[in-house]
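Notes follow the structure.
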Amino acid sequence: MGFQQLSLAQHYHERTKYAPETLAQQAAPLDWSRQPSPFKTYPLGSVFSLKSFLEPAKGSAHPYWQRLSRLLYCTYGITGVVPYPDQPFYMRAAPSAGGLYPAEIYVLTRNDTAIPAGIYNYQVKDHALVQVWQSYCWSALQAACLWHPALERTHIALVVTAVFYRSAWRYGDRAYRRICLDIGHLLGNVELAANIHDFRAHFIGGFVDAQMNELLYLDPEQEGVLAVVALANLLAVDENLSPFPSVLPSATCYDYGAIASGELLRACHRASALTSSEIIYSMQTPSPRAKAPPEPPASKYNFPFGLRVSLSKTIIHWETNLAALQQTILQRRSTRQYSGQGIEVDQLAALLTFAYHPQDYRDQGLDECPSFFDPTLVETFIAVTRVRALEEGCYYYAIAEHELRQIRFKNFQEPLHFLCLNQDLGRDAAVVIFHTANLERAIARYGERAYRYLHMDAGHLGQRLNLAATALGLGVSGIGGFFDDQVNDLLGIPPEEAVLYITTVGKAA
């Protein structure tokens, strides 16, 4: 077999893997004097407080402001405070690796809304909007998003960015993985909070990066746009439209040379940018060099002699007006320690039903087609150690059939401790869920930009699992740091499946 050169995203993934023999060198001591603030501040600009709109509307209160206020709060608002001596630590509605919160949310509005046209930054700590540009900018947003039709039907949009150093300070080049996962968590909240408050979210991943950065006056070396969300107001228009395509392919880069440590993160982000409509449309026909490997069979690991477990569709009931779902979003916390006790197989079935089968929740008012970028590219494997009435081992989760198919049988309790960088969460959880993807196939479809889509989709899935586990009274925590190659080797996951993210679930201590 001849040598096959990696794309830049594959090169980045290989270079940022953790391995037992090199982890000590990769985990450099933190420079606490350079710890970044998780909040962006603006010395100038009109400030619109949203706090009063969290309460039920009274009299002539503005219901539109109230719905937007609650949506933003459920997406990224402060839900708890830990009083440390130097400065308090603020917990938010969406989880973040290391509590670093790299994301920023901007709100863009048109002329014909209850909110004056312009660009606003969501000030998380104060639950307020600060106006950073007071002018009509919607046409520039539409142009940057290549006139995506969802923006023609909507009057308000969220733009989600990443401040790279907030995560890179701790995680170095590997931070880009965690940044995209964190934004996937946040987008998972946007999707559900929109449902609760009579919006419909259309996620847009295909936009011209430079134009978006210019629109928001960003320094692209410090901060970059990862997603745009068009919010349709369901109380003002009958938005009964099927989801629009939201992703476009970038170029594929093979000439990446010798990128120094510390520059990989930004190099990966730059390579995944869309630069112009001409390049975008030329990428619709993949080059021979980027030819996709054969598609997998429709039903993987469907061996006649293998253990297969059909799961029931177990539904979580979110009550009238999805009140319980909103409360769950605000109550969710990442578990720090598991008790080591088991869970029921019906609880595992409920987790997977909520995360992977949203069509079963349409009777409760949730969209049956969540705004994932491309869920067909993400695979799921589950290491089971403590699920009553379910044999220990590693299973492939066949989504369409809602079925577990065992690919390796053994007790993985101690290997999971090792794989999760010796974190007790891996050893003491009842199940450890692995989100993976074939990078070669994904990059053949979307170029370098696939790396963003894959991790944001994995984070989105992880957040749905977080909320389902919280609703069931279970502990849950995501893990973005693991020994990449050893996960595949020990669990029997095919080597072409790159591990993106891990979600642990069990009984909290």
Side-chain angles (χ1 to χ4, degrees), residues 36-54 62 64-79 90-94 96 100-111 113-142 144-145 151 154-167 179 182-183 185-187 189-190 193-194 197 199 201 203-204 207 209-231:
S37 169
F39 302 105
K40 194 170 186 177
T41 59
Y42 290 86
L44 302 174
S46 300
V47 177
F48 299 84
S49 176
L50 300 174
K51 288 182 180 178
S52 63
F53 298 105
L54 289 175
H62 297 280
Y64 191 85
W65 278 94
Q66 184 184 61
R67 289 162 53 214
L68 179 62
S69 172
R70 290 181 175 182
L71 182 145
L72 289 171
Y73 188 66
C74 288
T75 294
Y76 212 41
I78 300 293
T79 60
Y90 296 93
M91 296 180 286
R92 307 195 193 183
S96 173
L100 300 174
Y101 302 109
E104 286 287 331
I105 299 176
Y106 298 84
V107 179
L108 279 67
T109 60
R110 294 175 90 158
N111 280 330
T113 65
I115 304 170
I119 301 172
Y120 302 80
N121 176 265
Y122 176 46
Q123 298 281 285
V124 174
K125 191 189 295 186
D126 299 322
H127 190 56
L129 294 176
V130 59
Q131 193 172 46
V132 299
W133 185 252
Q134 185 179 3
S135 181
Y136 183 81
C137 58
W138 200 261
S139 296
L141 173 65
Q142 289 179 290
C145 294
L151 292 170
T154 54
H155 306 96
I156 188 166
L158 309 182
V159 179
V160 185
T161 71
V163 180
F164 303 124
Y165 182 65
R166 288 184 192 168
S167 288
I179 286 169
D182 279 359
I183 289 178
H185 299 147
L186 185 157
L187 294 177
N189 277 359
V190 171
H197 298 295
F199 291 98
F203 294 175
I204 302 172
F207 49 82
D209 292 62
Q211 290 178 227
M212 288 300 306
N213 292 335
E214 290 169 7
L215 177 62
L216 299 178
Y217 303 97
L218 305 181
D219 177 354
E221 289 299 303
Q222 305 300 322
E223 185 176 359
V225 178
L226 268 295
V228 177
V229 186
L231 287 177

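What you see below is based on every heavy atom in this structure, not just the backbone, and it leaves out hydrogens, waters and symmetry mates. Since this is a predicted model, take the numbers as computed values, not measurements.
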Hey, what do you get for [atom1] ([X]) to [atom2] ([Y]), rounding to the nearest 0.5 Å?
X: Ser69; Y: His127; atom1: OG; atom2: NE2; result: 3.0 Å
X: Phe199; Y: Leu68; atom1: CZ; atom2: CG; result: 5.5 Å
X: Leu151; Y: Phe207; atom1: CG; atom2: CZ; result: 12.0 Å

Do [X] and [Y] come close enough that some side-chain heavy atom pair is under 4.5 Å?
X: Leu72; Y: Leu129; result: yes
X: Val47; Y: Asp126; result: no
X: Ile78; Y: Arg92; result: yes
X: Thr75; Y: Leu71; result: yes
X: Tyr106; Y: Leu218; result: yes
X: Leu141; Y: Met212; result: yes
X: Tyr76; Y: Val160; result: no
X: Ile105; Y: Val190; result: no

*asked:* Quick check against the 3.5 Å criterion: does Arg166 have a side-chain atom that pairs as donor or acceptor with the backbone of Pro36?
replied: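 Not confirmed, Arg166 side chain does not pair with Pro36 backbone.
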*Hey, is the main chain of Thr154 close enough, under 3.5 Å, to the side chain of Arg110 for a donor-acceptor pair?*
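Yes, Arg110 side chain to Thr154 backbone: donor-acceptor pair under 3.5 Å.
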*Is the Tyr90 to Tyr101 ring centre distance short of 6.0 Å?*
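Between Tyr101 and Tyr90, which both carry aromatic rings, the centre distance is not below 6.0 Å.
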*Where is the tightest heavy-atom contact between Pro220 and Asn213, given as atom of each residue plus distance?*
CB-ND2, 3.7 Å
